[in-house]
Every structure is written in C-alpha cells, then in structure tokens.
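Report on one structure; see the data block that follows.
Chain letters run A, B, ... following the sequence lines, proteins first and then strands; every chain starts at 1.
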Protein chains: 2
Amino acid sequence: MLREDVTDAIRGAVFEELAAVGFARMSIEGIARRAGVGKTAVYRRWKSKLHLVLDLVAAVAAQGMPAPATGSLYGDVRAVLELAAYALRHPVASQVIPDLLVEAARNPEISEAIKAALLDQQQGVAAVVVRAAVARGELPEGSDPDRALDLIVGPLYWRLVVVRGDLPKGYLDDLAASAVRALKA
Amino acid sequence: MLREDVTDAIRGAVFEELAAVGFARMSIEGIARRAGVGKTAVYRRWKSKLHLVLDLVAAVAAQGMPAPATGSLYGDVRAVLELAAYALRHPVASQVIPDLLVEAARNPEISEAIKAALLDQQQGVAAVVVRAAVARGELPEGSDPDRALDLIVGPLYWRLVVVRGDLPKGYLDDLAASAVRALKA
DNA sequence: GTACGTCGCAACGCAACCGTTTCGTCGTTA
DNA sequence: TAACGACGAAACGGTTGCGTTGCGACGTAC
C-alpha cells in the first residue's frame, strides 16, 4: 500500500517546482529532492513528469468552478472578476497557469487537460451568466458567451499576467462596468 | 572580420529554435545545428543563450511600432487591433511572444527587454491614440491610456494566445466597437 | 514471528549540453 | 605569396537528468 503522506508530499512538490522553474525545466530528481523522498517513490506512482502534471491539473478540474448568481449582469461579472483576480494574484498560480498555457501550445495532452480544467470551466460560467442576463432582458437574444468571456477576463489577464502590473483600487469595478457596457451591443 | 551571413544564419536559427522548443529548452548546440554552423561561431559572437535572445528582442524594439492616426478613436483602435492580430496570428511570433513573457516572470533581464520591445511600445501607441481622442473630444480629460490598452488588446490576446481560438469575421470590428464603447465612461 | 511491500539512499549506464580547445580549411588582406 | 582570422568539425572533462536496480531499514498483515 502506497503511503498517503508521501503521495501528498510529491504532489505539493510538483506544484512548487512548477511555480519555481516551470514545466520545461522541471525534473523528477528535483521534485523528489524538494519532497524529501526517493526517486523510487515518484516512479512507483507516475510514469513521467507529464503524468505528474496531468494528474495535478485533473485534480483542479475535478473541483469545478462555481457560477455566480447575484441577480444582475454587473454583479455576476464583478463576481467572476473577483474570483479570477484572486487566482491570478496568487503567487504560485500566477506562475503555474501561464507556464502551462505556453506548454499547452506544444503539447496536446497538456492542452487538453488545461482546456478541461480552466477554459471549459470558464466558458461554462460565462454561458450561465449570459443566459441569466438574457432571461432578465439585460442582454439581447443570441449574445455570444465566448465573446463575453473575452471582454471580461481578457483585460484582467492582460494586466495581471502579461504586463504584470498592479491592480488599482476600483479597477475591477470599472472593468466590470466596462464589460457590461461593451456587451450591451 | 565576422562573416555577416553566418551572423544572420544564427539569428534566424535562434528565432526558429525559440518558436520550436521555447527559451527554457533551447540550447546553443541546437542553435548551431539548426544554423548549420559550428558552436565556435556562436560563442565568438554571444556569451550565452540569454545574450542571444536579448539581442534578438532589442532588434525588435529598435524597429519601433507605428501609431495610427486615422482621425477617429474607432479607426485608431481598429488599426491597433489589426496590427496586434497580425502579429499574434503569425505562427512563429505567436509561440515566441508568450514564451518570452513567461520567461520574463523569472528573469529580470528578459523582463526588461520585453518591456522595452513590446509593452512600452504599446503603451506609447495607446497614449498617442488616447491623447488624440481627448483632443477631439471623443474621450473625457484624464482618460487612462493603460486602462485603454487593457480593454483593447486584452480580449484579443486572451482569445488568440490563451484560448487559442479562431478569429471570426467581424470580430475585430466588434471588439473595436466594444472597446470604444467601454472607454467612453 | 515471518513474509511482504514501501521506504530512502546510492549507484548504475546512458544521453544531452555545457564552455573550451585543437585542428585543418578557406577567403581576404597586404 | 605570405600572414591572418574566421570557419566547421571534433574532441575534451564536467554537469545534470534520465529510468533502472540493489540495498538494508521499517512497518504492517497474517
């Protein structure tokens, strides 16, 4: 029987190593070193570093992403932004997410995993939010949820991850208002 | 005297190698192999792969980025989006840019170079566009060019680079219109 | 109390790349 | 034509990680 505490230590080490050096530079030796276990313990559980990461991403995907239901489009958008900003400002996540996204451009398996864990989830949330807004009459029939998602999280991702700028007070409020205004075509 | 054609071959190989495997996996041996030159020729010109890439990025920075002047805010925004979409759809650039952006999060020298080559350029363009729009009375005094840039290129970058989705006909038009609408607070 | 499986540790042979050096070839310059 | 310097190729010793194997220690199940 594989020891649970060892498994957890490895999982944690993968996460930290991924944030510290990125997928490309990550090594199984480094993971074992960081986790304080032997390489044997790692190879007994996973075949390669790819499987390690796919397992990690799948765990994130499994936990799901909650869709807001505040009763207004602005409220929903603002809630989505709050959640996204929280994740993208997390020091570990803000390193791991863009790193894996770049890796996904070269590796179909990572691409598929990331899509299921993040993009599909977000598109699902956007679909719920848009559908509710349409039902309330806040948005016209046939509004495209994907385009809505672009307008909502695109600017935030750009600022936090690409430019790596700060998040001024009131920025999320303004952005939510801008997105709502942009959506009501 | 160093041979110009060899220098060019190396520069080209760096670009291709960067797109193919990314900065982290890139090796000087691989570059020399791809360029069809000896390692000696590379080391005679640059100290390390970091210097190779910094040199490449500086070359991009030096060529500058043109600011549009179409006479309307919508026209200017649309022109910026056209240029950005062209770059982000380029198969090599669309691999290299996000890769270096991720690398920049871990390497201050790359960060500085990328900032000068891309971000500062874009912020300069945004500043010109916003200033012109304010002068025309299309935007209120004190509009923030950085926020404008977030709203203009954020959604496009998200769609093309993060989601790696397609670009439907009319998307740029809609996005430009949305951005203009969002900016007029 | 014995047998089994996981544990950490260390070593294995192999591969890639590091940065340097040596060599013989070739083109340019004087 | 002689000297010089860059060229490609190959080899150097050193480092890192690969995936595998053998080891003795430990803990648990029977």
Side-chain angles (χ1 to χ4, degrees), chain A residues 1-57 59 95-96 99-100 102-103 106-110 113, chain B residues 1-57 59 95-96 99-100 102-103 106-110 113:
Chain A
M1 187 75 353
L2 298 175
R3 269 168 52 187
E4 197 74 27
D5 57 336
V6 170
T7 304
D8 291 345
I10 296 172
R11 280 218 173 86
V14 170
F15 211 60
E16 292 172 16
E17 198 75 2
L18 209 47
V21 305
F23 180 81
R25 278 185 253 268
M26 192 177 78
S27 72
I28 291 192
E29 304 229 0
I31 292 166
R33 211 178 303 135
R34 187 187 287 268
V37 307
K39 275 202 294 182
T40 331
V42 180
Y43 279 109
R44 198 173 288 120
R45 292 166 172 79
W46 293 277
K47 293 189 193 186
S48 68
K49 70 170 180 173
L50 175 61
H51 291 84
L52 267 164
V53 170
L54 292 180
D55 183 74
L56 202 74
V57 174
Q95 293 269 20
V96 172
D99 185 88
L100 289 183
V102 165
E103 212 57 46
R106 297 195 181 90
N107 186 318
E109 302 192 64
I110 293 186
Chain B
M1 186 78 347
L2 299 174
R3 269 168 52 189
E4 197 75 25
D5 58 336
V6 170
T7 305
D8 291 346
I10 296 172
R11 280 218 172 85
V14 171
F15 211 60
E16 292 170 17
E17 197 76 1
L18 209 46
V21 306
F23 180 81
R25 279 185 253 266
M26 191 177 78
S27 73
I28 291 194
E29 303 229 358
I31 291 165
R33 210 178 302 133
R34 186 186 289 267
V37 306
K39 275 202 291 180
T40 332
V42 179
Y43 278 109
R44 197 173 289 122
R45 291 167 172 79
W46 294 278
K47 293 189 192 184
S48 68
K49 71 170 179 174
L50 175 61
H51 291 83
L52 267 165
V53 170
L54 292 180
D55 184 73
L56 201 76
V57 174
Q95 294 269 21
V96 172
D99 185 88
L100 289 184
V102 165
E103 212 59 44
R106 296 193 181 91
N107 186 319
E109 302 193 64
I110 293 185

query = Is the closest side-chain heavy-atom distance between B/I110 and B/V57 below 4.5 Å?
reply = no

B/L2 CG to C/dT28 P, in whole Å, measures 15 Å

Ranking A/M26 and B/A41 by the position along DNA chain D of their nearest nucleotide, the one closer to 5' is B/A41

A/E4 atom CD is separated from C/dC7 atom C1', nearest whole Å, by 15 Å

inquiry  = Checking B/D55 against B/R45 for the side chain to side chain contact (heavy atoms under 4.5 Å, CB included) test, could you report, in this order, the C-alpha distance in whole Å, the side-chain angles of both residues, the deciding distance, and whether it holds?
reply    = CA-CA 11 Å; B/D55 184 73; B/R45 291 167 172 79; over 6 Å; no

Whole-Å distance, B/E29 CD to C/dT20 P, equals 13 Å

- Query: If we only count heavy atoms from C-beta on, is the B/W46 to B/V53 side-chain gap below 4.5 Å?
  - Reply: no

Hey, does the side-chain of A/K39 have a donor or acceptor N/O within less than 3.5 Å of a partner on the base of D/dG19?
-> yes

From CG of B/D5 across to P of D/dA6 the rounded distance in Å is 14 Å

From CZ of B/R45 across to P of D/dA6 the rounded distance in Å is 9 Å

Result for 5'-nearest mapping on DNA chain D, choosing between B/G36 and A/S27, is B/G36

Worksheet item: Within the side chain of B/R34, is there an N or O that forms a donor-acceptor pair under 3.5 Å with the backbone of B/V14?
Response: no

Against the side chain of B/I28, the closest entry in C/dC18, D/dA6, C/dT6 is C/dC18

Exactly one of A/V96, A/I31, A/L52 clears side-chain contact (heavy atoms from CB on, under 4.5 Å) with A/E17, and that residue is A/I31

Respond yes when some side-chain nitrogen or oxygen of A/R33 is under 4.0 Å from OP1 or OP2 of D/dG17, and no when none is. yes

Q.
Is there, by distance only and without an angle test, a donor paired with an acceptor across the side chain of B/T40 and the base of D/dA6 below 3.5 Å?
A. no

Paired with B/I10, the side-chain contact (heavy atoms from CB on, under 4.5 Å) test is passed by just one of B/I28, B/V42, B/D5, namely B/V42

For C/dG27, does either OP1 or OP2 sit under 4.0 Å from a side-chain N or O belonging to B/R3? no

Write out a two-atom table: protein N or O, nucleotide N or O from nucleotides 25-30 of chain D, distance below 3.5 Å.
none

note: B/L50, atom CG; C/dC18, atom P; distance rounded to Å ~ 13 Å

Atom OH of A/Y43 and atom P of C/dT6 are separated, to the nearest Å, by 18 Å

(request) Would you mind classifying the nucleic acid contact of B/G30 as base, sugar-phosphate or nothing, using non-hydrogen atoms under 4.0 angstrom? (result) nothing

Taken to the nearest whole Å, CE/A/M1 to P/C/dA3 is 22 Å

pair B/D99-B/M26: side-chain heavy atoms closer than 4.5 Å: no

